[in-house]
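These notes are about the structure you will find just below.
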There are 2 protein chains.
Amino acid sequence: MSGAPTLLRPRAARKSFDDRRAEIVRKAASFFAQSGFDATTRELAAWLGTTQPLMYRYFPSKNALIEEVYEAVFLQSWDTAWDALLTDRTRPLHDRLCDFYNRYTDAIMHPEWMRIYLFAGLKGVDITGLYIARVEARIIRPVMVEMCAETGLVITPDNEAKLLELAWSLQGGIFYYGVRKFVYATPVHGEKRAMIEAAVDVYVKAWPK
Amino acid sequence: MSGAPTLLRPRAARKSFDDRRAEIVRKAASFFAQSGFDATTRELAAWLGTTQPLMYRYFPSKNALIEEVYEAVFLQSWDTAWDALLTDRTRPLHDRLCDFYNRYTDAIMHPEWMRIYLFAGLKGVDITGLYIARVEARIIRPVMVEMCAETGLVITPDNEAKLLELAWSLQGGIFYYGVRKFVYATPVHGEKRAMIEAAVDVYVKAWPK
DNA sequence: CCGGCTATTTATCGTTAGATAAATCTTACC
DNA sequence: GGTAAGATTTATCTAACGATAAATAGCCGG
């Protein structure tokens, strides 16, 4: 009856190429975090408030967009201030570790980061291996070194593997709190800060001498 | 030229209804663990060595098969002997915990279990919430109780949340070793047994008093 | 206010997914 | 060894996916 086209959705506001492109990457991150990378481009378009073919003006394929999402999530979320924090021996080790893990988890412990991290890992995406290597080089190994400096334990080829895994188990214990909360949507007990405090305390108190 | 049909694959051996059905569930678990639940039924058929429509004789839909895979993986992999192990106070706590975590991780730390657990969690499958609730009731809480019995700490409504999360962080630290190994295919340092030993040691030594 | 540039939409293509129906092969039993 | 039951395969349908091409609409300079 009406001469106007029956649109369920208002026409998307016209934006500059760069603005639209950045918006797609940003919103695609939260969309794929929620729905997984097998979600359809039509659902993504609905999430964006546009039509499905629009993204092909900005990215040659769905996979090309996904690659950009990986880079935005994993490569642009590392604060270089963290590195100095861990090795600042003017502060007590316990404080440094709590401070670091509070800041680090503030950056990664939200649904978007955690779910994309796991989606990408299960998919076998290369960048996750690079990310874990960076975590080991810039968190795990410094934590090990600082812990041993505190207790006076000398790191040798014989005990290094065990000590690295011990530092990983601290990291993993903290990380799994976020997995339970944001991936499994399971109730956790108390605030993140208290959990970090308690876990760090155990490792500082009982790190091998 | 040849009168015989050009089959790339030999005809599947004829099996009884129950045997074939059980085989599909079993092999589907390892298939979906590797390829994710969005892998196609045709790829699954190739994995099974059959044709694609065969599974529809045994399961009404792909999702119905997936549901059975969940149950096989999560509900039938719990050894009731574990429960008694944790609370056997005739043995030193450290030994009990190492023994338990070695057995428990023997059961779950392989690609099939770990990857399906994460796939299901990301997909929001109900059964994962039930599984986590069971872990908390039958591992985390007993560990907390046994630890506190050892140190003499009385569990109160005030400290319970912190203590539960501390027991969770031990579990998570151990679990993340398997995630790195089987989900991210990242090299780990040393054997699982040594990692468990070192982590348990830290928690036993520094559990709050 | 007009003309062109380009962001956005409409329409559609080819492929492949899950699923169904009918045909065929294998086994068990008399 | 013939026959019925049922396990497996072949052939195919419909819907939905990623992707492309052509049409439309909004903005900016003249």
Side-chain angles (χ1 to χ4, degrees), chain A residues 2-29 31-32 34-70 119 123 125, chain B residues 2-29 31-32 34-70 119 123 125:
Chain A
S2 160
T6 58
L7 283 179
L8 295 169
R9 170 186 48 76
R11 186 183 182 89
R14 189 187 175 99
K15 298 192 175 179
S16 78
F17 186 89
D18 289 347
D19 284 355
R20 178 66 78 189
R21 194 175 198 286
E23 185 199 29
I24 292 176
V25 173
R26 184 169 43 82
K27 289 192 176 174
F31 170 72
F32 285 127
Q34 184 180 68
S35 305
F37 291 115
D38 294 291
T40 71
T41 56
R42 283 170 177 82
E43 288 171 314
L44 170 60
W47 184 269
L48 291 166
T50 67
T51 54
Q52 179 254 350
L54 187 66
M55 62 156 272
Y56 290 92
R57 289 294 260 204
Y58 300 88
F59 306 93
S61 69
K62 181 185 173 186
N63 258 335
L65 169 59
I66 288 174
E67 289 293 324
E68 293 231 13
V69 169
Y70 289 144
F119 274 124
K123 208 174 164 185
V125 175
Chain B
S2 158
T6 58
L7 283 178
L8 295 170
R9 171 186 47 78
R11 186 183 182 90
R14 189 187 175 100
K15 299 192 175 179
S16 79
F17 187 88
D18 289 348
D19 285 355
R20 177 66 78 191
R21 194 173 198 284
E23 185 199 29
I24 292 176
V25 174
R26 183 168 42 84
K27 290 191 176 175
F31 170 72
F32 285 128
Q34 186 180 66
S35 305
F37 291 115
D38 293 293
T40 71
T41 56
R42 283 170 177 81
E43 289 171 314
L44 170 59
W47 183 271
L48 292 167
T50 68
T51 54
Q52 179 255 348
L54 187 66
M55 63 156 271
Y56 289 93
R57 281 292 236 218
Y58 300 88
F59 306 92
S61 70
K62 181 185 174 186
N63 258 335
L65 169 58
I66 288 175
E67 289 293 323
E68 293 233 14
V69 168
Y70 289 145
F119 274 123
K123 209 173 162 185
V125 176

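In what follows, every chain begins at residue 1, and chains take the letters A, B, ... in the order their sequences are listed.
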Donor-acceptor pair under 3.5 Å, A:R42 side chain vs D:dG18 base: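 Donor-acceptor pair under 3.5 Å: yes.
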Quiz question: going by heavy-atom distance under 3.5 Å, is there a donor-acceptor pair between the base of D:dG26 and the side chain of A:R11?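 No.
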Please find out if less than 6.0 Å separates the ring center of A:F32 from that of A:Y70.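 Not under 6.0 Å, so no.
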For B:A39, report the nucleic acid contact type (base, sugar-phosphate, nothing); a contact means any heavy atom under 4.0 Å.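 Here B:A39 touches the backbone only, sparing every base.
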Round to a whole Å and report the spacing from [atom1] of [X] to [atom2] of [N].
X	N	atom1	atom2	answer
A:L48	C:dT9	CG	P	10 Å
A:R14	D:dG26	CZ	P	9 Å
B:F17	D:dT8	CZ	P	10 Å
A:L44	D:dC17	CG	P	12 Å
A:K15	C:dT8	NZ	P	8 Å
B:R9	C:dC25	CZ	P	14 Å

DNA chain C contacts made by residues 59-70 of chain B, counting heavy atoms under 4.0 Å: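 Contacting residues: B:S61, B:K62.
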If you take any heavy atom closer than 4.0 Å to DNA chain C, which residues from residues 19-27 of chain B end up in contact?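 When residues 19-27 of chain B is checked for heavy atoms under 4.0 Å from DNA chain C, there are no hits whatsoever.
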CZ-CD distance between A:R21 and A:E68, expressed to the nearest 0.5 angstrom: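 So the CZ of A:R21 and the CD of A:E68 are separated by 4.0 Å.
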To the closest 0.5 Å, what do you measure between CG (B:D38) and NZ (B:K123)?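 Result: 6.5 Å between the selected atoms.
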Looking at D:dG18, I'd like to know if its phosphate oxygens (OP1 or OP2) sit under 4.0 Å from a side-chain N or O belonging to A:T41.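 The answer is yes; a side-chain N or O of A:T41 sits under 4.0 Å from OP1 or OP2.
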If only side-chain N and O atoms of A:Y56 are considered, is one of them under 4.0 Å from the OP1 or OP2 phosphate oxygen of D:dT20?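 For D:dT20, neither OP1 nor OP2 has a side-chain N or O of A:Y56 closer than 4.0 Å.
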Residue A:T40, side-chain heavy atoms: nucleotide from D:dG18, D:dT8, C:dA21 that is nearest: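 The listed nucleotide nearest to A:T40's side chain is D:dG18.
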Side chain to side chain, [X] and [Y], heavy atoms closer than 4.5 Å:
X	Y	result
B:F59	B:V25	yes
B:T50	B:K15	no
B:R20	B:L54	yes

Let me know, please, whether A:D38 or B:Y58 comes out on the 5' side of the other along DNA chain D by nearest nucleotide.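 Its nucleotide being nearer the 5' end, the pick is B:Y58.
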With nearest nucleotides of DNA chain D determined for A:Q52 and A:R57 from heavy-atom distances, which residue corresponds to the more 5′ nucleotide?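 That would be A:Q52.
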Closest contact, heavy atoms only, A:T41 versus A:Y56: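 Result for this residue pair: CG2-OH, 3.9 Å.
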Looking at every heavy atom in both B:A45 and B:T51, which two are closest together, and how far apart are they?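 Here B:A45 and B:T51 meet closest at CB-C, 3.5 Å.
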Could you check whether the rings of A:F37 and A:F119 sit parallel, tilted or perpendicular, using 30° and 60° as the cut-offs?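 Rings of A:F37 and A:F119: perpendicular, over 60°.
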